[in-house]
There are 2 protein chains.
Amino acid sequence: MTTPLPNTLIEVKKTRRRSRIRVAHEEKILASAEFVFASYGYTGATIEKIAKDSGISKQNLLYYFSSKQELYQAVLKNILAIWLDKLNLQNQVGDDPAEKLSQYIRDKLKISQTHPNGSKVFANEIINGAPHIGDYLKRNLNEKLQADVDLVNSWIAEGKVDVIDPYHLFFMIWSSTQTYADFSTQIQLVLNKEELTEQDFNNAGDFLCQIILKGIGLK
Amino acid sequence: MTTPLPNTLIEVKKTRRRSRIRVAHEEKILASAEFVFASYGYTGATIEKIAKDSGISKQNLLYYFSSKQELYQAVLKNILAIWLDKLNLQNQVGDDPAEKLSQYIRDKLKISQTHPNGSKVFANEIINGAPHIGDYLKRNLNEKLQADVDLVNSWIAEGKVDVIDPYHLFFMIWSSTQTYADFSTQIQLVLNKEELTEQDFNNAGDFLCQIILKGIGLK
DNA sequence: GTCTATAAGGGGATAGAC
DNA sequence: GTCTATCCCCTTATAGAC
């Protein structure tokens with residue numbers, strides 16, 4: 001049995017001038033698409049559902065995004081851009097490893113709070129073997145990550161943190177912060193809440209920073 | 001926009017006597033279903049694909065599992081049974097918190113290694129809002145978890161571990177162990193490997209135990 | 001830009017012979 | 001238990017009027 005075929009990500013076309021109405025509609029459509037793809041998966045989501053949710057007719061939606069796949073990839077690219085943009089250990093202010101890592105963790109968690117649906121769509125895509133963004137991810141993730149891995153390794157060399165494998169550290173940070181978006185259903189069920197509050201996210205941030213920093217020998 | 005309707009999980013019927021051929025075929029079908037649901041999601045998976053993968057005709061498959069939903073829920077119930085069965089802090093041997101937690105973490109990670117597809121199907125289901133197993137989960141997860149939470153709280157009261165929120169500890173353990181199944185595509189991409197090896201899982205286990213135990217004040 | 005109509009194909013499930 | 005045939009709905013996408 002073969003896994004789904006890889007598809008190269010459609011590059012965003014640089015439209016020279018987008019009318020106000022186009023910009024507004026595209027935004028509404030993208031927000032709805034994020035929600036519907038997160039709730040039903042790629043195949044389970046239908047253009048009809050997205051159209052209904054955004055208050056735009058199905059045929060009109062296809063005027064703005066000419067195919068389901070194009071819309072899906074736009075959603076994926078949105079969340080990836082947010083992650084790749086904000087998530088650099090290097091870009092965090094200060095020199096202190098503890099400070100940099102704390103900020104990184106809290107930033108990542110903040111995105112789980114503000115963009116849960118984007119995170120869920122991305123998670124679904126990766127779980128399914130990244131058929132639509134595998135190539136794109138390969139080209140864009142590793143390079144950025146390498147710089148951060150190097151930085152952590154330099155901290156280890158300087159004796160500032162315990163000897164650990166930086167890759168597994170990042171896997172841990174990514175998974176334990178994203179779980180508050182991706183697995184929010186389960187977390188809400190366990191905590192017996194309808195929604196996760198600001199306070200829940202603050203608690204999570206405090207917890208994660210406490211465990212991870214102390215765990216690698218900081219503080 | 002409404003989220004998917006909840007469906008109560010179909011209870012497993014106790015067939016008094018299942019022929020040898022039925023048992024064998026059901027097993028093959030379930031294994032293929034796990035793989036196909038993991039690769040394509042609930043809607044994206046088709047009975048046809050599952051049938052092809054298992055070497056059984058689509059119509060014959062429907063003789064054994066009378067609907068797609070029934071097959072899907074059987075897959076979900078399988079992985080949940082494995083988790084709920086093995087994952088009790090209380091059942092781990094020994095009295096030592098460090099020993100119990102290490103074993104719990106390694107057991108959970110082992111399931112990621114041996115049942116990656118079941119884990120992926122479950123992850124997809126939760127991400128999509130648990131439309132098919134929400135009720136079942138609610139009835140079966142919280143009670144088991146509560147005993148473990150109480151145990152951790154007793155350790156805190158005895159001063160054996162730092163003051164932490166046990167719930168967030170479990171969220172961290174669950175997410176950081178499951179990521180090696182659910183996000184294996186991304187991890188393989190970062191580590192530049194076709195498959196995760198026994199050694200990779202050992203490294204992950206060592207890393208997670210080191211960070212989490214030290215992080216909560218053990219050792 | 002937005003609408004009505006519809007083509008074209010996929011996929012779940014059933015009927016009934018063997 | 002397994003097969004052939006088929007029904008029927010759903011969904012993507014296009015054509016073309018306004």
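Letters go in sequence order (proteins before strands), and every chain restarts at 1.
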Would you indicate, yes or no, if dA13(C) has its OP1 or OP2 atom less than 4.0 angstrom from a side-chain nitrogen or oxygen of S66(B)? no

Let me know the distance between CD of E48(A) and P of dC10(D), rounded to the nearest Å. 11 Å

Hey, mind stepping through Y136(A) and L80(A) against side-chain contact (heavy atoms from CB on, under 4.5 Å) and telling me if it holds? CA-CA 10 Å; Y136(A) 183 81; L80(A) 243 177; 3.9 Å; yes

Taking the nucleotide of DNA chain D with the closest heavy atom to each, which residue, G44(A) or Q59(A), is nearer the 5' end? G44(A)

Atom NZ of K58(B) and atom P of dT4(D) are separated, to the nearest Å, by 13 Å

What's the OH-C1' distance between Y72(A) and dA13(D), to the nearest Å? 20 Å

Pair H132(A) + Y42(A): ring centers closer than 6.0 Å: yes

Examine dC10(D): is either OP1 or OP2 under 4.0 Å from a nitrogen or oxygen in the side chain of T46(A)? Give yes or no. no

Tell me: CD of E26(A) to C1' of dT2(C), nearest whole Å? 16 Å

Quickly work out the Y42(B) OH to dG11(C) P distance and round it to whole Å. 14 Å

For dC3(C) and S57(A) - does any side-chain N or O of the residue sit under 4.0 Å from the phosphate oxygens OP1/OP2? yes

Should Y63(A) be listed as having a side-chain N or O under 4.0 Å from OP1 or OP2 of dG1(C)? yes

For R18(A) and dG1(C), what is the distance between atoms CZ and C1' respectively, to the nearest whole Å? 16 Å

Categorize A45(A) for me: base, sugar-phosphate, or nothing, with a 4.0 angstrom heavy-atom threshold over every strand shown. sugar-phosphate

For the side chain of E125(B) and the backbone of L76(B), is there at least one donor-acceptor N/O pair under 3.5 Å apart? no

Hey, does L62(B) reach any base, or is it just sugar-phosphate, or nothing, if we go heavy atoms under 4.0 Å? base

Any base atoms under 4.0 Å from I56(B), or only sugar-phosphate, or nothing? Heavy atoms, all strands. nothing

Ring centroid separation W83(B) to F122(B) under 6.0 Å: yes

Which nucleotide in the list dT2(C), dG12(C), dT4(C) gets nearest to the side chain of Y64(A)? dT2(C)

Without decimals, in angstroms, what is the distance between F37(A) CZ and dT11(D) C1'? 13 Å

Let me know the distance between CG of N60(B) and P of dG1(D), rounded to the nearest Å. 9 Å

Backbone of I29(B) reached by a side-chain donor or acceptor of S32(B) within 3.5 Å: no

